[in-house]
Each structure stands twice: as structure tokens, then as C-alpha cells.
S.K.: 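So that we are looking at the same thing, I have put the structure below in C-alpha cells.
The structure presented is a predicted model; accordingly, all values stated were derived computationally and were not measured. All residue numbers refer to positions in the sequence shown, counting from 1.
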Amino acid sequence: MTNDWTLEITPRRRWLDLKLGTLWRYRDLYRMYVRRDIVTEYKQTILGPLWYIIQPLFTTIMYMFVFGGLAGISTDGAPQPLFYMSGVMLWNYFNSAFSVSSNVFTANAGVFGKVWFPRLVVPLAGITSNLLKMLIQLGLFIIMYVGYLIAGTSLHVNWTILLFPFLVLLLAFHAMSMGLIISSLTTKYHDLKYLVSFGMQLFMYATPIIYPLSVASEKYRHLLLLNPLTSIFEAFKYSCLGCGSLSWPWLLYSTLFMLVLLFLSLLVFTRVERNFMDTV
């Protein structure tokens, strides 16, 4: 006679016992979280998803006025609206995915304390739902791009545009990996979130969003390339605007950096999730 057990006692998990296979069993919960994030974010707003367009559009205009106009920073011959919009679009996705991942424990403590499910479902759903926001902004970028083509502007799109899904994947897992580490640390050190907020602002200026890498002197260019996001932003601008640069060694560096960071973040995350309710 078989029994349906509701409690299973297992030995202490090892560091490398990540149990990633359980994510597939909870795929319905993952889809529910994605739908919840999309539906509830702008449910009681007047403009709704239009905020996905308004925010990057006004940010682009501000960058054109401040950095392109007052500061006179070069865009390597690319039209300023397209140059800034491409950087804003990618950075917004990275920042949103990082924000969701870095608040996993603190924002979901009420749910995590009542029921068990793989905690990784939440950050994975977060980077997926934010992908919809980025796709809407990508649509705006394409409309602007086509407008410049119709106006006769020479834009040097090339075959490397096919790398776009891979570049987005790199951005997503860079953001999630960094966010999971921060989320694990903030369960014990709550004031770390203020340092992270300030650090992300500095990190944005260390990424070629409002300037091309070519304007940096040789002395600082290699330091900027150590930023794993630099090669991603440069590759996208090179693929669709013809400015920037595509460096396969630096893209490989960014990929390896992401894989190592993702592995370390999963180790820390799964270690902290066992007893975070005692400290959060």
C-alpha cells in the first residue's frame, strides 16, 4: 500500500547541490509570475504600457541636449537619437532585471515564509517579464531607424545584428547574477541597498551608453573594456549603426565572466535561501 508523503527529510545539502531540475516542475508557477508582473505593474495607471515608450524617449531627448549638445560628445557619426536610444534601451533592460533580482528575498519574504517553491522562479520570471518592456522599446527604436532610412541617412547595418538575441541573453544573466549576489547579502546587511543604488549610477557611466568607446583615451579604454557590459553595448551599436566595435575576444570575456558569476551567484543564493527568514 503506497502512501503520499507530504514531508520529506533529506540530509544537509552540499554547496554544489543546486537542484536546478526542480525549476521545470514549477514551470506553471513561472508563467504565473511572468503574467503577474506584466499585468500588475501598470494596472492602475492612465497611460499603462505607454510609459515603456515615454521614459526612454524623454531620456534620449535629455541625453541629446546635455551630452550631445552642451558637452559635445561625439556619437561616431551615428544619428544622436539612434545612438542614445540604443544605449538607453539596453541599459533599461539590464537595470530592471538587476533590480528584480536584487530584491528577491526582501520583496518576497511574505510569500517565501509561507510556502516552498524554487526561489529562482522569481528572478527568472522577472528578467522574462522585463523582456516585454525591452521589446516595446525595441519597436520604438526600429520605427526611428526606419524613419532615418527613409530620410536617406546612411546606416551601416550588418550581419552581426543576428547576435542581438545572444547579447540580450548575456545582459539578462549578467543582471540576474549580480542581483542574486546583492540579494543574498542584503538579507543580513540591509544598508547595502543604498550603496548598490549609488553604485549602479556609477556603473552606468562606466558603460558606453552616452559615449562611444572610441572617445576614451587609450589609458582608460582598457579599463572600460574590463566592464563585461562594454563589449555587449559596443557590439549592438556596431551591428545596427556601424559605429562602435565588435571584438570577439572581449565578447568571449563577457560570456566567460557571466558564466563564472552566474555559477557563484547560484551557490551563494541557494546557500542563503535555507535560513534567510531568520535574518531578513
S.K.: Can you check whether Pro228's main-chain N or O pairs, donor with acceptor, with Ser254's side chain at less than 3.5 Å?
M.R.: yes
S.K.: Taking Asn103 for the side chain and Ser99 for the main chain, is one N or O donor matched with an acceptor at less than 3.5 Å?
M.R.: yes
S.K.: Is the charged tip of Lys133 near the ring of Tyr93: under 6.0 Å from the six-membered ring centre and within 45° of its axis?
M.R.: no
S.K.: How many angstroms lie between atom OG of Ser231 and atom OH of Tyr238, to the nearest 0.5 angstrom?
M.R.: 14.5 Å
S.K.: Following the transitive rule for hydrophobic clusters with a side-chain heavy-atom cut-off under 4.5 Å over Ile, Leu, Val, Met, Phe, Trp and Tyr, establish whether Met85 and Ile150 coincide in one cluster.
M.R.: yes
S.K.: Would you say that more than 12 heavy atoms from the other residues, nucleotides or ligands in this model lie under 6.0 Å from the CZ of Arg27, or not?
M.R.: yes
S.K.: Can a donor-acceptor pair be found between the side chains of Tyr33 and Ser129 at a distance below 3.5 Å?
M.R.: no
S.K.: May I ask you to decide whether Arg221 forms a salt bridge with Glu218, counting only side-chain N to carboxylate O separations under 4.0 Å?
M.R.: yes
S.K.: In this structure, would Leu202 and Tyr63 fall into the same cluster of hydrophobic residues linked by side-chain contacts under 4.5 Å?
M.R.: no
S.K.: Answer yes if the ring centres of Phe67 and Tyr211 are under 6.0 angstrom apart, and no otherwise.
M.R.: no
S.K.: Hey, is CZ on Arg36 packed in by over 12 heavy atoms from elsewhere, all under 6.0 Å?
M.R.: yes
S.K.: Using the six-membered ring wherever Trp is involved, compare the ring planes of Tyr253 and Trp250 and label them parallel, tilted or perpendicular (cut-offs 30° and 60°).
M.R.: perpendicular
S.K.: Does Leu149 offer a backbone N or O that forms a donor-acceptor pair with the side chain of Thr153 under 3.5 Å?
M.R.: no
S.K.: Heavy-atom count around Phe164 CZ within 6.0 Å, excluding the residue itself: above 12?
M.R.: yes
S.K.: Phe198 and Leu229: same hydrophobic cluster, using ILVMFWY side-chain contacts below 4.5 Å?
M.R.: no
S.K.: Against Ser177, only a single residue in Val268, Leu261, Leu264 fulfils side-chain contact (heavy atoms from CB on, under 4.5 Å); can you say which?
M.R.: Leu261
